[in-house]
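Remember, it's 1-based here, ligands and their atoms both numbered in the order they're listed.
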Amino acid sequence: MKELDAALEAAVSAGNMIKSRVGKTQNIRFKGAINIVTDTDVKAEKLIVKTLKKAFPQYGILAEERYAKDKGGDRWIIDPLDGTTNFAHGFPFFAVSIALEKAGEVIAGVVYDPMHQELFTAVKGKGAYLNKKKIRVSKVKKLSKAFLATGFSYDFKRKKDNNIDNFSNFLMAGMAVRRAGAAAIDLCYVACGRFDGFWEMDLQPWDTAAAALIIKEAGGTLSLFDGSPFSNYKKNILACNGLIHKQMQKILKRK
Ligand code: IPD
Ligand code: CA
Ligand code: CA
């Protein structure tokens, strides 16, 4: 698929540019109390948008930094740097995420982790791949044996419903919980069976669009916390191997 090839090229070149700037002084701006953006985020977004616009001028752009207000239509959904806080601290867990949404549905997605040179890809109906090898979700059946991941939104300190209750409940119910700081990678790790389940609140479409397709194509299950259908435009996500879905939902209901 030509679109996937273009997304792949854009993600890899932006990812490698980001990698080359690790450990260098960053120009940091605060979007909120703990929400930072670096000049590298913006540079990566410009590079990706330029590549994709050149190849496919007909598609719109919804991207985190300078194109966050696109109104719809067929478009690319881009997080130029997922895991900015990690990147800015030299913590090697961040990625570029690019999805193509057509007629309201994501049909192709790419997540590239440049530090580990891992490229996750999916095209609707064609399976999910990590560096060209087919991937599947895990087979863990019991929540008590599940390796889980989550994240916290930048405004969690100001919120009552801030995910800390879920975090402690899953710590007690699961095998272990990680909060590594890049939602797109967390989701891809569910797709390839490294994590058994993931949940988070208040994510944005650019965090989930590519990786949600990758999970679906890897045989995983996605929903909102209450079990209703997942959407990139709704604000919570429960993603897992399918086998522990009901058990995770039960924990998320326990308030
Ligand atoms: C953030 C990361 C983080 C998640 C936050 C996101 P950013 O994205 O994915 O893991 O917990 O909710 O906003 O700001 O690094 O692109
Ligand atoms: Ca993000
Ligand atoms: Ca970002």
For residues D82 and S97, is any side-chain donor paired with an opposing acceptor at under 3.5 Å?
no
Using a strict 4.0 Å threshold on nitrogen-to-oxygen distance, state whether K54 and E9 make a salt bridge.
no
With only distance considered, is S153 within less than 3.5 Å of ligand 1 through an N or O on each side?
no
Hey, is the Ca ion (ligand 3) within less than 3.0 Å of some N/O/S atom on D79?
yes
Check E45 against A63 and note the closest heavy-atom contact, atom names and distance.
OE1-CB, 3.4 Å
Are any of the N or O atoms of G151 closer than 3.5 Å to those of ligand 1?
no
Ignoring hydrogens, just give me the one of A149, A180, A88, G181 whose non-hydrogen atom is nearest atom 10 (O) of ligand 1.
G181
Any idea which atoms of ligand 1 are less than 4.0 Å away from a heavy-atom of L203?
12 (O)
N/O of A184 under 3.5 Å from N/O of ligand 1, yes or no?
no
Kindly report the OD1-the Ca ion (ligand 2)-OD1 angle for D207 and D82 respectively, rounded to 10°.
100°
Parallel, tilted or perpendicular: which one describes the rings of Y189 and F195, with boundaries at 30° and 60°?
tilted
What atoms of ligand 1 come within less than 4.0 Å of a heavy atom belonging to D79?
16 (O)
Minimum non-hydrogen distance to atom 14 (O) of ligand 1, winning option of F152, Y154, F93
Y154
What I want to know is whether D202 and ligand 1 share at least one N or O pair that is separated by under 3.5 angstrom.
no
Part of N35 within contact of ligand 1 (heavy atoms, under 4.0 Å)
neither
Within 4.0 Å of some non-hydrogen atom of A182, the atoms of ligand 1 are 9 (O), 10 (O)
Please identify which atoms of ligand 1 are closer than 4.0 Å to at least one heavy atom of D207.
8 (O)
For atom 16 (O) of ligand 1, the option (of I185, L81, D155) bearing the nearest heavy atom
L81
Which bit of D186 gets closer than 4.0 Å to ligand 1, counting heavy atoms only: side chain, backbone, both or neither?
neither
Taking 4.0 angstrom as the limit, do K31 and E65 come out as a salt bridge?
yes
Decide, counting backbone as well as side-chain atoms, whether D41 has an N, O or S atom less than 3.0 Å from the Ca ion (ligand 3).
no
Would you mind naming the N, O or S atom of E64 nearest to the Ca ion (ligand 3)?
OE1
Applying a heavy-atom cut-off of 4.0 Å, say which part of R179 lies close to ligand 1: side chain, backbone, both or neither.
side chain
What class does the angle between the rings of F167 and W199 fall in, given that below 30° is parallel, 30 to 60° is tilted and above 60° is perpendicular?
tilted
Contact check, side chains of I214 and I135, non-hydrogen atoms, under 4.5 Å:
yes
Short side-chain donor-acceptor distance under 3.5 Å, N16 and S13
no
Within ligand 1, which atoms have a heavy atom of D82 less than 4.0 Å away?
1 (C), 2 (C), 7 (P), 8 (O), 9 (O), 15 (O), 16 (O)
Go through ligand 1 atom by atom and flag the ones less than 4.0 Å from a non-hydrogen atom of G83.
7 (P), 15 (O), 16 (O)
Would you say the side chain of V42 lies within less than 4.5 Å of the side chain of R66, judging by non-hydrogen atoms?
yes
Please say which of T40, V96, I48 ends up in a side chain to side chain contact (heavy atoms under 4.5 Å, CB included) with M17.
T40
Do you see a donor-acceptor pair shorter than 3.5 Å between the side chains of N166 and T150?
no
Can you give me the closest heavy-atom contact between A180 and D186, atom names plus distance?
CB-OD1, 4.2 Å
for atom 4 (C) of ligand 1, nearest protein heavy atom and its distance come out as E200 OE2, 3.2 Å
Find the distance between CG (L100) and CD1 (I78) and round it off to the nearest 0.5 Å.
10.0 Å
Side chain or backbone of A183 under 4.0 Å from ligand 1, or both, or neither, by non-hydrogen atoms?
both
N/O/S atom of P80 inside 3.0 Å of the Ca ion (ligand 3), strictly under:
no
Heavy atoms only, cut-off 4.0 Å: how does E64 contact ligand 1, side chain, backbone, both, or neither?
side chain
Aromatic rings Y59 and F56: how do their planes relate, parallel, tilted or perpendicular, breaks at 30° and 60°?
parallel
